[in-house]
Amino acid sequence: MTTATPQDALNAFLTHWQGGQYREMALALPARVFPTGRRSIRQVKKVYPGRLDDFSILGAHDTDPAATNVDVQVLWRERGGLELGRVRYRMVYVDAQDRPLARHHPGGQWKPFATYTLPVPRPLKA
């Protein structure tokens with residue numbers, strides 16, 4: 001399966017989170033992020049707690065031939081509260097064995113390899 005852009009792949013991944021489709025999320029992640037190498041829905045729920053209400057892709061920056069950083073604003077529900085955050089996803093273009101592949105090669109797929117929390121800008125004062 002080839003995913004057109006890292007933004008498309010991340011959009012699909014986050015849409016799965018919105019729908020509570022943790023199995024699909026587990027399949028979209030590289031096997032190396034699971035300690036046992038076996039994709040586990042329980043492990044995905046631990047990393048992605050709560051329910052994603054909304055998200056907005058803010059921008060993308062190519063960093064090398066196989067990787068792009070995509071910044072996203074997310075709004076999710078956890079423990080009865082609504083949380084707002086900004087996250088950077090390190091999207092890597094990989095082959096079927098999750099090895100990085102230059103983006104121009106056919107047959108690759110974009111996957112989220114790492115996630116970094118970004119600061120949320122302060123609201124403007126009137």
Side-chain angles (χ1 to χ4, degrees):
M1 176 186 153
T2 301
T3 313
T5 67
Q7 296 93 321
D8 292 339
L10 185 57
N11 185 67
F13 181 77
L14 295 174
T15 300
H16 291 314
W17 186 14
Q18 270 184 316
Q21 299 166 331
Y22 293 100
R23 178 172 163 56
E24 287 79 5
M25 291 174 71
L27 294 172
L29 291 166
R32 73 175 188 86
V33 303
F34 298 98
T36 63
R38 186 168 176 245
R39 289 166 166 56
S40 161
I41 293 170
R42 180 180 294 139
Q43 290 171 322
V44 174
K45 284 184 175 181
K46 188 175 180 180
V47 176
Y48 293 90
R51 194 187 91 223
L52 183 63
D53 270 14
D54 198 17
F55 66 92
S56 176
I57 294 178
L58 303 173
H61 311 284
D62 294 339
T63 58
D64 58 63
T68 299
N69 290 336
V70 182
D71 295 345
V72 181
Q73 184 162 292
V74 292
L75 186 64
W76 75 97
R77 292 189 182 279
E78 187 176 13
R79 292 176 294 221
L82 201 56
E83 303 284 335
L84 174 69
R86 286 195 174 188
V87 181
R88 174 167 292 154
Y89 285 87
R90 177 87 166 150
M91 303 296 291
V92 179
Y93 193 66
V94 295
D95 63 14
Q97 288 77 39
D98 290 336
R99 292 182 304 234
L101 185 67
R103 67 185 74 225
H104 65 275
H105 287 280
Q109 181 177 1
W110 289 100
K111 291 189 175 186
F113 264 62
T115 307
Y116 307 96
T117 302
L118 299 175
V120 177
R122 292 182 175 182
L124 297 174
K125 293 183 180 182

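- Distance check: Arg23 CZ to Ile41 CD1 gives 6.5 Å after rounding to the nearest 0.5 Å.
- Side-chain atoms of Thr117 and Arg86, non-hydrogen and from C-beta on, never get closer than 4.5 Å to each other.
- Expressed to the nearest 0.5 Å, how far CD of Glu24 lies from CG of Leu27 amounts to 6.5 Å.
- Here Leu29 contributes atom CG and Lys111 contributes atom NZ; the two are 8.0 Å apart, rounded to the nearest 0.5 Å.
- Considering only heavy atoms from C-beta on, Leu101 stays 4.5 Å or farther from Val94 through its side chain.
- Residues passing the side-chain hydrogen bond (donor to acceptor under 3.5 Å, both in side chains) test with Arg51 are Asp53, sequence neighbours excluded.
- Here the CZ atom belonging to Arg77 is positioned 5.0 Å from the CG atom belonging to Leu82, to the nearest 0.5 angstrom.
- The list of salt bridge (charged side-chain N to carboxylate O under 4.0 Å, His left out) pairs with a residue in residues 55-70, not counting sequence neighbours, reads Asp62-Arg103, Asp64-Arg90.
- One finds the CH2 atom of Trp110 at 8.5 Å from the OG1 atom of Thr5 (value rounded to the nearest 0.5 Å).
- Scanning all heavy atoms of the two residues, the minimum distance from Ala31 to Asp98 falls at N-OD2, 3.0 Å.
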Mind running side-chain contact (heavy atoms from CB on, under 4.5 Å) on Met91 and Leu10 for me, showing each step along the way?
-> CA-CA 8 Å; Met91 303 296 291; Leu10 185 57; 4.1 Å; yes
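- Follow the hydrophobic side-chain contacts under 4.5 Å out from Tyr116 and you never reach Val47; the two are in separate clusters.
- A side-chain donor-acceptor contact under 3.5 Å links Gln21 and His16.
- Nearest heavy atoms, Ala28 versus Pro112: O-CD, 3.7 Å.
- Smallest separation of non-hydrogen atoms from Tyr93 and His105: OH-O, 2.8 Å.
- For the ring pair (Phe, Tyr, Trp, His ring centres under 6.0 Å) test, residues two or more places apart in sequence or in another chain that qualify with Phe13 are Tyr48.
- The shortest side-chain heavy-atom distance between Thr68 and Thr63 does not fall under the 4.5 Å cut-off.
- Rounded to the nearest 0.5 Å, atoms CZ (Phe55) and CG (Asn11) are 4.0 Å apart.
- Contact record, Ala60 with Gln7: CB-NE2, 3.2 Å, taken as the closest heavy-atom pair.
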Show your reasoning for whether side-chain contact (heavy atoms from CB on, under 4.5 Å) applies to Met25 and Trp17.
-> CA-CA 7 Å; Met25 291 174 71; Trp17 186 14; 3.7 Å; yes
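- Val72 approaches Leu58 most closely through the heavy-atom pair C-CD1, 4.1 Å.
- Residues Leu14 and Phe113 do not share a hydrophobic cluster, clusters being chains of Ile/Leu/Val/Met/Phe/Trp/Tyr side chains in contact below 4.5 Å.
- Two residues are said to be in side-chain contact when any heavy atoms from C-beta on lie closer than 4.5 Å; Asp71 and Val87 fail this criterion.
- Taking all atoms of both residues into account, the shortest heavy-atom contact from Leu84 to Trp76 is C-CZ3, 4.1 Å.
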